[in-house]
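Remarks on the structure that follows.
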Amino acid sequence: MAPDAVERIAIESDADVVTARQRARALAVTLDMPSTDQTLLATAISEIARNITTYAKRGEVCIELVRDANGRRGVKVVARDHGPGIADLERALTDGYTTGGGLGLGLPGARRLVDEFDIQTAPGEGTTVTLVKWTRG
Amino acid sequence: MDRVNRIPILKLGHLLLVSIQVDMHDRMALALQEDLAERIAETGARGVLIDISGLEFIDSFIGRMLSDIAGIARVLDADTVVVGMRPVVAITLVDLGLTLPGVRTALTVERGMAMLPAPTVDEDPGDEEAETAGP
């Protein structure tokens, strides 16, 4: 996946969460992504960006336009923080599990909204969530 | 401290009407929840109509806020109906796994109003809220 453009958004407050979802949507529009997919992607970003403000206080979201080997285009999002990390990843990916007082739908919900989802984390090491939404063939 | 933009709450007879037209950040959503609770208590409104036709995204935070508003209104003796949800937002909510517990929905404002209590005879349908001061 070679990036066509990269946008970096610092995440430090709830207003930055709004900026991240709106910028992602704006980039998805440039790919002529269907509006449903734009909304799914933007909502997924909202969830992972809010996890940064809730658990790590600050971090960043990088949004890239990418294309795969077949020329299919998509939006790739990398959300990175140096917060406490996730001790029990399996549970964190289960609906309804939370340590932050939320609904526990953030990570599992975001995973359902996108095409590719990856998470790298360890206690004390921070968390990096990568997600991709492809344009439909 | 930056100021929180507030969502206006309109009194319409015995109902309160809220139309969310902007992409709310979390503090704005929480301020709306507090403002609405105060307005219900202050006006004795029996119903709350929340128009979300302007909302492009509902994530789990905003979804929970809508459920919380309905719950708070309920214990303050008011019913809540959320109207005007965009189809893409409905699809997102279901994918997310958000079921909006306790929130009643209607497609349009008209249908939503029909689901809320009608004004009773002793309730002043006008807007003179301060007519009777205290019990």
Side-chain angles (χ1 to χ4, degrees), chain A residues 9 11-26 28-29 33-55 61 79 92-98 100-115 117 131 133, chain B residues 1-7 19-35 51-72 80 82 84-103 105 107:
Chain A
I9 299 152
I11 304 293
E12 290 173 3
S13 75
D14 55 351
D16 299 327
V17 175
V18 174
T19 304
R21 67 183 175 229
Q22 288 179 345
R23 289 306 304 152
R25 224 276 293 261
V29 169
M33 197 176 264
S35 76
T36 305
D37 289 351
Q38 292 169 24
T39 303
L40 296 177
L41 172 69
T43 307
I45 290 167
S46 195
E47 298 295 340
I48 58 171
R50 180 170 292 99
N51 276 355
I52 293 178
T53 61
T54 303
Y55 297 101
V61 168
L93 288 168
T94 306
D95 276 347
Y97 176 75
T98 181
L103 294 174
L105 291 175
L107 287 178
R111 179 156 73 165
R112 285 192 290 269
L113 300 182
V114 295
D115 299 317
F117 182 95
L131 37 95
K133 189 89 184 161
Chain B
M1 283 288 284
D2 44 358
R3 280 180 57 81
V4 174
N5 294 318
R6 293 186 117 81
I7 309 276
S19 186
I20 305 173
Q21 300 288 339
V22 294
D23 195 2
M24 290 186 293
H25 53 64
D26 299 1
R27 276 166 302 156
M28 212 164 161
L30 290 171
L32 173 61
Q33 193 172 302
E34 286 168 21
D35 290 350
D51 167 36
I52 58 165
S53 59
L55 268 192
E56 291 179 285
F57 312 109
I58 295 187
D59 64 6
S60 61
F61 187 89
I62 302 289
R64 185 172 65 160
M65 186 271 301
L66 290 173
S67 288
D68 286 354
I69 283 180
I72 293 165
T80 304
V82 169
M85 185 183 295
R86 297 184 182 198
V88 292
V89 170
I91 292 167
T92 314
L93 286 182
V94 171
D95 277 358
L96 259 182
L98 267 181
T99 52
L100 300 188
V103 178
T105 55
L107 267 185

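Residue numbering restarts at 1 for every chain, and letters A, B, ... go by the order of the sequence lines.
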Practice prompt. Mind checking the OG1-CD spacing from Thr43(A) to Glu56(B)? Nearest 0.5 Å is all I need.
Written response: 10.0 Å
Worksheet, complete the sentence: CG of Asp23(B) to OG of Ser46(A), rounded to nearest 0.5 Å, is 7.5 Å
Practice prompt. Tell me, for Arg25(A) versus chain B, whether the close heavy atoms (under 4.5 Å) come from the side chain, the backbone, both or neither.
Written response: side chain
Discussion item. Please classify the contact of Ala44(A) with chain B as side chain, backbone, both or neither, using a heavy-atom distance under 4.5 Å.
Written reply: neither
Discussion item. Under a 3.5 Å distance rule, please check whether Asp14(A) uses its side chain to pair with a backbone N or O of Arg27(B) as donor and acceptor.
Written reply: yes
Considering non-hydrogen atoms only, spot the tightest contact between [X] and [Y] and give its length.
| X | Y | result |
| --- | --- | --- |
| Met24(B) | Arg21(A) | O-NH2, 2.9 Å |
| Val88(B) | Ser35(A) | CG1-OG, 3.9 Å |
| Arg112(A) | Asp95(B) | NE-O, 2.6 Å |

Worksheet item: Does anything in residues 60-68 of chain B get under 4.5 Å of chain A by heavy atoms, and if so which residues?
Response: Ser60(B), Phe61(B), Arg64(B)
Practice prompt. Quick one: which of Ile91(B), Ile58(B), Thr92(B) has the most heavy-atom pairs under 4.5 Å with chain A, could you say?
Written response: Thr92(B)
Fill in: Pair listing, salt bridge (charged side-chain N to carboxylate O under 4.0 Å, His left out) test, anchored in residues 40-54 of chain A, at least two apart
Arg50(A)-Asp26(B), Arg50(A)-Asp59(B)
Practice prompt. Would you mind telling me which of Leu105(A), Val17(A), Asp95(A) has the largest number of heavy-atom pairs within less than 4.5 Å of chain B?
Written response: Leu105(A)
